[in-house]
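The first residue of the sequence shown is numbered 1, and numbering continues consecutively from there. Only heavy atoms go into these numbers, but all of them, side chains included; no hydrogens, no water, no symmetry mates.
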Amino acid sequence: MNPLISIIIPTYNRAYLIAETLESIIAQNHKNWECLIVDDGSTDDTATLIANYIKKDNRFQYHQRPVDRKKGANACRNYGFELSKGEYVKWFDSDDIMHPDFLEKQVEVLENNNELNFCASQSLTFHKDSEIRTKNGANRNPKHSLILSYLVKNHYFFTGAPLWRKEYFHQKDLFDENLSDSHESDFHFRMLLYFPKYIYTNDFLFSIRRGNESITQNIENKKSSLDSKIIFFSKARKLINEQHVEDKDLINKYLTFRISNAIYELCIFNSRLEILKKNKRKIVDLIFQKKIETVSRINLCIGFVLLLFLGKGYSFLKGDLNIREEIIN
């Protein structure tokens, strides 16, 4: 039981962090892996650092994102997949840490269950200069329909959580290169629409680093993040309404108000006239759709009118979707 695993890591100016990630990969109990590091145009010492790792261990590879691909981690993830040779694929972030038995345990699950398309594990979170690690719990065994559970009921998993059979991605679109945020939500949502077979284990097998970005960077990225959320929620709503999905009306209502709320937030950082004009078609579609009750459509209409003329209306646009679920397993 020694299949090749392709680990794909996008990176950008993480020379000060990525070494710890690479050391955690070297320390894996499962030794048959290739690690494709795809650089998004770093201006620090990333290339030199990776070159030193390659000299010591030729399982590492270093690639630059092609100039004809859109800048961003998603293009790097897709390009790394195109170069990969493994039977299994794991996308991983350049500042996170694998526990030594991460690959070993996930390979064992998939090798012993040939019907599975992937398996996922849970994770821990840690912060800079702190040894405290907290559990990122999730509802691994959802009580509701799959898509509703993923979007609303805390049946989520991070980018690095799954180990995938590479063959599962045949003729499927991978990461959306137009998104700067919500990439893992969008990717996993679309993969789950194919209703794969998988196991979500109770093992905590990797750690996610938090607190690297500065407040300034967060503010600068907020606009593109909200734009990405609007793109994702709109795409998800379109796909849901085109397919036979359980709880379709409830999911549509949830996505409707996530879109309206994101548009409201975006108006805080931009000219609201400009944002409302840009999203005019989306707003009209939300208000005049037949798939939500009349009172919700009225609330949307009032909310967007208040937003247009007074810069207010949040209470009408946030929706009252009391359908979140506590994490219980």
Check the pair Gln122 / Asn136 against side chain to side chain donor-acceptor pair (under 3.5 Å), numbers first and verdict last. CA-CA 7 Å; Gln122 300 196 87; Asn136 298 313; over 6 Å; no
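- Between Leu22 and Asp57 the shortest side-chain heavy-atom distance does not fall below 4.5 Å.
- Checked options Phe81, Phe157, Tyr198, Phe187; the residue passing with Trp164 is Phe187 (criterion: ring pair (Phe, Tyr, Trp, His ring centres under 6.0 Å)).
- No close placement of the Phe232 and His183 rings is indicated, their centers lying 6.0 Å or farther apart.
- Remark: aromatic rings of Phe118 and Tyr168 are distant, center separation not under 6.0 Å.
- A donor-acceptor pair shorter than 3.5 Å cannot be found between the side chains of Thr11 and Asp39.
- Taking 4.5 Å as the limit, every side-chain heavy atom of Phe269 sits out of range of all side-chain heavy atoms of Ile275.
- Residue Lys223 comes nearest to Leu266 through the heavy atom pair O-CD1, 3.7 Å, listed as atom of the first residue, atom of the second, then distance.
- Within a 6.0 Å sphere centred on NZ of Lys85, heavy atoms belonging to other residues, nucleotides or ligands number 12 at most.
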Could you walk me through whether Lys153 and Leu148 pass the side chain to side chain contact (heavy atoms under 4.5 Å, CB included) test, one step at a time? CA-CA 7 Å; Lys153 303 293 186 178; Leu148 179 66; 4.2 Å; yes
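- Residues Val152 and Ile251 have side chains not in contact (no heavy-atom distance under 4.5 Å, counting atoms from C-beta outward).
- Salt bridge status for Arg77 with Asp93: present, with a side-chain N to carboxylate O gap under 4.0 Å.
- Of the N and O atoms on the side chains of Gln106 and Lys90, at least one donor lies less than 3.5 Å from an acceptor on the other residue.
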Worked check of side chain to side chain donor-acceptor pair (under 3.5 Å) between Gln61 and Glu34: CA-CA 8 Å; Gln61 302 174 30; Glu34 61 172 3; 3.2 Å; yes
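- Atom NZ of Lys280 sits in a sparse spot, with 12 or fewer heavy atoms from other residues, nucleotides or ligands closer than 6.0 Å.
- Residues Asp95 and Arg209 come closest through the heavy atom pair O-NE, 2.9 Å.
- Between Phe206 and Phe204, the distance separating the two ring centers is not shorter than 6.0 angstrom.
- In summary, of the residues considered (Lys278, Lys222, Lys282), a salt bridge (charged side-chain N to carboxylate O under 4.0 Å, His left out) with Asp227 occurs for Lys278 alone.
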Test log, rule side chain to side chain contact (heavy atoms under 4.5 Å, CB included), inputs Gln289 and Asn252: CA-CA 10 Å; Gln289 63 175 303; Asn252 175 71; 2.8 Å; yes
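- Lys166 and Ser84 form a side-chain donor-acceptor contact under 3.5 Å, judged by distance and modelled atom types alone.
- Shortest non-hydrogen contact noted between Pro196 and Met191 is CD-O, 3.4 Å.
- Because its NZ or CZ atom is both nearer than 6.0 Å to the ring centre of Tyr194 and within 45° of the ring axis, Lys172 counts as a cation-pi partner of that residue.
- No side-chain donor-acceptor contact under 3.5 Å links Ser145 and Glu246.
- Looking at every heavy atom in both residues, Cys267 comes nearest to Leu307 through SG-CD2, 3.9 Å.
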Before giving the answer on side chain to side chain donor-acceptor pair (under 3.5 Å), spell out for Asn178 and Lys70 the whole-Å C-alpha distance, their side-chain angles and the decisive distance to 0.1 Å. CA-CA 8 Å; Asn178 292 312; Lys70 188 169 184 177; 3.2 Å; yes
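- For Val107 against Pro3, the heavy-atom pair with the smallest separation is CG1-CG, 3.8 Å.
- In Asp173, the CG atom is not crowded: 12 or fewer heavy atoms of neighbouring residues, nucleotides or ligands sit closer than 6.0 Å.
- Ion pairing between a basic and an acidic side chain is recognised when a charged N comes within 4.0 Å of a carboxylate O; Asp186 and Arg190 show such pairing.
- Between Leu124 atom CG and Arg133 atom CZ the span is 7.0 Å, to the nearest 0.5 Å.
- A salt bridge does not link Asp249 to Lys291: none of the charged side-chain nitrogens sits closer than 4.0 Å to a carboxylate oxygen.
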As a quick check of understanding, evaluate side chain to side chain contact (heavy atoms under 4.5 Å, CB included) for Leu36 and His63, giving each step before the final call. CA-CA 7 Å; Leu36 299 92; His63 304 276; 4.1 Å; yes
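- More than 12 heavy-atom neighbours from other residues, nucleotides or ligands sit within 6.0 angstrom of CG on Leu310.
- If you run side-chain hydrogen bond (donor to acceptor under 3.5 Å, both in side chains) between His99 and each of Ser121, Ser123, Ser207, only Ser207 comes through.
- Residue Tyr53 holds its OH atom at 9.5 Å from CD1 of Ile37, rounded to the nearest 0.5 Å.
- Of all heavy-atom pairs between Val38 and Gln64, the closest is CG1-C, 4.4 Å.
- With Ser185 as reference, Tyr150 is the one residue of Tyr156, Phe233, Tyr150 to meet the side chain to side chain contact (heavy atoms under 4.5 Å, CB included) rule.
- Here Trp33 and Phe102 keep their ring centres 6.0 angstrom or further from each other.
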Going through the checks in order, is the side chain to side chain donor-acceptor pair (under 3.5 Å) test met by Tyr88 and Glu111? CA-CA 10 Å; Tyr88 296 112; Glu111 289 288 293; 2.4 Å; yes
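- Side-chain atoms of Asp181 and Ser225 form a donor-acceptor pair, as typed in the model, at a separation below 3.5 Å.
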Verify side chain to side chain contact (heavy atoms under 4.5 Å, CB included) between Leu300 and Ile283, making sure each step is shown before the conclusion. CA-CA 9 Å; Leu300 287 168; Ile283 293 169; over 6 Å; no
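- Residues Asn74 and Asp176 bring no donor and acceptor atom of their side chains to less than 3.5 Å of each other.
- In this structure, CZ on Arg165 lies 7.0 Å from CD on Glu87, to the nearest 0.5 angstrom.
- Figure legend: cation-pi geometry between Lys71 and Tyr12, with NZ or CZ positioned under 6.0 Å from the six-membered ring centre and within 45° of its axis.
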